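Here the structure is a predicted model, which means the values were calculated and not measured. By convention in this document, chain letters (A, B, ...) are assigned in the order of the sequence lines, proteins followed by strands, and residues within each chain are numbered from 1.
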Amino acid sequence: MESRYNFRVVEKKWRQRWEESGAFLTTEDSEKEKFYCLVMFPYPSGNLHMGHVRNYAIGDVVARFYRMQGYNVLNPMGWDAFGLPAENAAIKNHIPPAEWTWANINKMREQMKAMGLSYDWSREVATCSPDYYRWTQWLFLRLYHHGLAYKKRQAVNWCPSCATVLADEQVVAGCCERCDSEVTKKDLEQWFFRITAYAERLLDDLEKLKGWPEKVKLMQENWIGRSRGVEVKFTAENGEEISVFTTRPDTIFGVSYIVLAPEHPLVEELIKGKAEAGRVREFAARVKKQSEIERTSAEGEKEGVFTGAFAANPLSGEQVPIWVANYVLLEYGTGAVMGVPAHDQRDLEFARKYHLAVKVVIQPLGDDLDPAAMKEAYAAPGVMVNSGVFNGLDSEVARLKISGCISEKGLGEEKINYRLRDWLISRQRYWGAPIPIIYCDRCGVVPVPEEDLPVLLPENVAFEPTGESPLLKAEEFLKTTCPRCGAPARRDTDTIDTFVCSSWYFLRYCSPGESGRSYDLNKARYWMPVDQYIGGVEHAILHLMYSRFITKVLYDQGLAPVDEPFTNLLTQGMVLKDGAKMSKSKGNVVSPEEIIDNYGADTARLFILFAAPPERDLEWSDEAVDGAYRFINRVWRLVYHLLPEIKGNQTQWEAGALGAAEKAVRRVIHRTIQRVGDDIKTRFNFNTAVSAIMELTNALYHYTEGTEQSSGHSGVLREGAAALITLLAPFTPHLAEELWEAAGGEGSVHDQRWPEVDEEALQEDEITIVVQINGKVRDHVRIPVELKGKEMEDAALARSRVKELIKGKEVARVISVPGKLVNLVVRQSSSKK
RNA sequence: GCGGGAGUGGCGGAACUGGCAGACGCGCUGGAUUUAGGAUCCAGUGGGUUAACCGUAAGGGUUCAAAUCCCUUCUCCCGCACCA
């Protein structure tokens, strides 16, 4: 063993050995309990960034830890390899997307390997490989055949820069999630997945996900957005029925107008022949042109026009004017709402602006609302007024009664609405899995038969900077024959949203080599669900909800062994530098390659795990990296100096015969074993786990330097060194492996069992407790551990310092907490005494 | 606006069920070693007139005891954004 640690040599040596020995290859083993540890696979941009390093370092600690706990651990890695950057590179540099992507994959795989991650590389998958996307296409067909994939024409989100459509989830604040350009609307015929059919289950099953952060569940809950209410039919003067959705049927007598979305199909009927027709059409045209942002921004001015038509309130019979306004969305509910200005803030604002009636139908207790003076709508419960037979009722009661009354009389029905929309999965891009659909003039839409999959992406295509998908011009791809009638037909030129590719990869990892099926259900049954999933919060809605949806669909068809894919979820924070996310434009990027070159993978891993708990953002610090590096060298030196004591030494000791210093060290050793295990397993607090290991290192240093040798000395050192090395193994695997070998350990440190806590070693005879006077710490006292109540109190009162401080005072009360403290509550003694 | 999270030394962060605030690390100060620097080792390091006291965003409360529980306010971060 060298006296100085040479990470370059050592890290390389062990990576080679692990690879040669297949140390991390995994197979199903019914004897062992499985643990599926998964980090979100990356898009192969070609370069690992610090966020990746953090993600994989965390995952690797978890995987290695559970392996040492005796679990059969699946820890795979792969590539979310379809996507726009490959196409952009093709346009810019004339490199085919496949070539570019595979080159990046090879580069990133090397970078990952340099981190010393314990992946089973034999299970690697890439979504752009035909062996994989064949099954993504198969998945599409499964949905298609079950009525869960359908095509429809509608105004969809269009990103002009990516020249493709986007799902609602991929539009962030009116901009493209990927490139930030402003999203516009385009009328197109597109493929959708009927995720709304699963809205209720996606919502209800959130409850099953005990191991998910509340925050993520809440985000999904809000996104799905369930609301219970009633659809009520108002009748227009021309006899047309207008359905409106409301969650507040109790306010129905307060309706003073009806509003339709400008795109509502009934608008044209209503304005036919009316003087207002021109103005309404003009208004509707203008609103449609508004971008998503203008239209939906909260501060946006509510605007509307009167249609000239009226409708009858189904309960009161009252005639109310029908308006068209920009704040009503066609896609939600029925695309029409009832306006109740007195009890809804938006309606009040609208009513004030256009001088519409305000009618109070719910009075707060002990107050009297004045409709003419109201500045804020009253949305809380109260007593019903101006509501016919419902007057005097509590509004909460009235809500149910009115709702019941409406459905009984056939005026409408109770309904649950979701904000979740169907998932638009068509993309007008080349670099994705082609949608396996054929259009035949005779047969119409024909799915590609499963045995004809994959529909291969043509490789001989030209990329031009027009933004148009090259598939549109790929004649040999386009032209095909109808599988049903054999007539000439053409293929769908769109590709499948890459989020579909990534919503089943965790199943593919269970049996990645399968060529005759998407995956082996028995193997999936063994491995699924993922026990620990780790990734960024940015996927809280998109990827995580899509994966849940796809898993449920497969489950319902008997194809997946579970209906929720991820048991536990850890969402890691970002890596920041100078308080901001690392980005090229800010020039605050720290390259993982450089850090690994200069300090080694173990240092990089240790720093990142130590600097902050995983859910929180992590501030990069060059100095702290030095600190991690120093610690690693400190451990090396410690073991180097202990080598003569520990190597080949088999001295045993009688526990009772140990000296006080030896007992103290053993206590630290076993407390550390306990703390590190707890921190990893129950709290993911790798930072405190590392700090505990640092304390152990310090304790061993102090023990070797400051103590005379006594009984059990070498044995205790050996125990301490072994614990230190094994506890470090998940964090700094190369260092641990080298030290393990140097210290004469058998086999690989990563095959060792996690050390057991010796409860006896934790026992203390004497402890220090705190003595408080009136809640302030005034003294400490050593007492036998088992002392309680009165005895503790006596020990405290026996202290001279305590005596001094309470002299002439009366002890009114004593609180003693065994093992912790004694608190004496004193006051000036009364003169009567 | 609604929903969620956070606020602790010079810095990153500890403090698990209310029980010694600041573990561990960085930085800093002093010392040892060294021709020197670096590296290493040891000691110290919340403020404070060095001892009372004050200190966990601010103010109030509950309690023998509050970073931790309750109320009010402020700041920052994240998500949703007219969802009827």
Can you see if the side chain of [X] gets near the phosphate of [N] - specifically, an N or O under 4.0 Å from OP1 or OP2?
X        : N     : answer
A:Arg683 : B:A15 : yes
A:Arg630 : B:G27 : yes
A:His343 : B:A84 : no
A:Asn687 : B:A14 : yes
A:Arg634 : B:G25 : no

Taking pairing as Watson-Crick or G-U wobble with both contacts under 3.5 Å, can you name the mate of [N], or confirm there isn't one?
N     : answer
B:G1  : B:C80
B:U35 : none
B:U56 : none
B:U29 : B:A43
B:U75 : B:A6
B:U63 : none
B:A51 : none

Distance check, [atom1] atoms only: [N] and [M], in whole angstrom units.
N     : M     : atom1 : answer
B:A43 : B:U50 : P     : 26 Å
B:U75 : B:G31 : P     : 48 Å
B:A15 : B:A23 : C1'   : 8 Å
B:U8  : B:G59 : P     : 15 Å
B:U49 : B:C54 : C1'   : 14 Å
B:C69 : B:U56 : P     : 15 Å
B:G30 : B:C20 : P     : 34 Å
B:C80 : B:C71 : C1'   : 28 Å

[N] [atom2] sits how many Å from [X] [atom1], rounded?
X        : N     : atom1 : atom2 : answer
A:Asn222 : B:C82 : CG    : P     : 14 Å
A:Arg399 : B:A84 : CZ    : P     : 12 Å
A:Asn698 : B:A14 : CG    : P     : 19 Å
A:Asn774 : B:G19 : CG    : C1'   : 15 Å
A:Lys776 : B:C64 : NZ    : P     : 16 Å
A:Asn823 : B:G18 : CG    : P     : 17 Å
A:Met219 : B:G5  : CE    : P     : 13 Å
A:Met694 : B:A14 : CE    : P     : 14 Å

Please report whether the ring centroid of [Y] lies less than 6.0 Å from that of [X].
X        : Y        : value
A:Tyr5   : A:Tyr640 : no
A:Tyr327 : A:Phe350 : yes
A:Phe499 : A:Trp423 : no

Whether the [X] and [Y] side chains hold a donor-acceptor pair (N or O, under 3.5 Å, no angle test) is what I'd like checked.
X        : Y        : value
A:Gln572 : A:Arg616 : no
A:Ser227 : A:Asn417 : no
A:Asp626 : A:Tyr599 : yes
A:Glu793 : A:Ser816 : no

Next item on the list: Measure across A:Glu619 and A:Lys577 and return the closest heavy-atom pair with its distance rounded to 0.1 Å.
Entry: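 A:Glu619 and A:Lys577 have their closest heavy atoms at OE2-C, 3.6 Å.
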Would you mind classifying the nucleic acid contact of [X] as base, sugar-phosphate or nothing, using non-hydrogen atoms under 4.0 angstrom?
X        : answer
A:Gly225 : nothing
A:Leu218 : sugar-phosphate
A:Ser227 : sugar-phosphate
A:Arg778 : sugar-phosphate
A:Glu619 : nothing
A:Gln345 : nothing
A:Asp678 : nothing

Item checked: Geometric cation-pi criterion, A:Arg634 with A:Tyr701: 6.0 Å, 45° ->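 Geometry flag: set, cation within 6.0 Å and 45°.
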Nearest to the side chain of [X], heavy atoms from C-beta on, is which of [options]?
X        : options             : value
A:Arg813 : B:C24, B:A81, B:C64 : B:C64
A:Thr688 : B:A15, B:A81, B:G4  : B:A15
A:Glu623 : B:A14, B:G19, B:C26 : B:C26
A:Trp223 : B:A81, B:A39, B:G4  : B:A81
A:Val777 : B:C26, B:C82, B:A21 : B:A21
A:Thr246 : B:G12, B:A15, B:A84 : B:A84
A:Phe245 : B:C42, B:G19, B:A84 : B:A84
A:Tyr327 : B:C82, B:C20, B:A14 : B:C82
A:Val825 : B:G79, B:U40, B:C64 : B:C64
A:Pro613 : B:G3, B:G13, B:C20  : B:G13

Margin query: Which is it for B:G37, anti or syn, if anything within 90° of zero counts as syn?
Written below: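 Judged by the O4'-C1' to base torsion, B:G37 sits in anti, the angle falling more than 90° away from 0.
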Notebook entry, point to check: For the side-chain contact (heavy atoms from CB on, under 4.5 Å) test, which of A:Ile258, A:Ile252, A:Val230 pairs with A:Val244?
Noted result: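 Considering A:Ile258, A:Ile252, A:Val230, a side-chain contact (heavy atoms from CB on, under 4.5 Å) with A:Val244 is found only for A:Ile258.
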Check: For RNA chain B, whose closest nucleotide is more 5', that of A:Thr247 or that of A:Gly775?
Finding: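 Per heavy-atom nearest nucleotide, the more 5' residue is A:Gly775.
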Note to self: I want to confirm an ordering. Mapping A:Val690 and A:Gly333 to their closest nucleotides on RNA chain B, which one lands closer to the 5' end?
What the structure shows: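 Result of the comparison: A:Val690.
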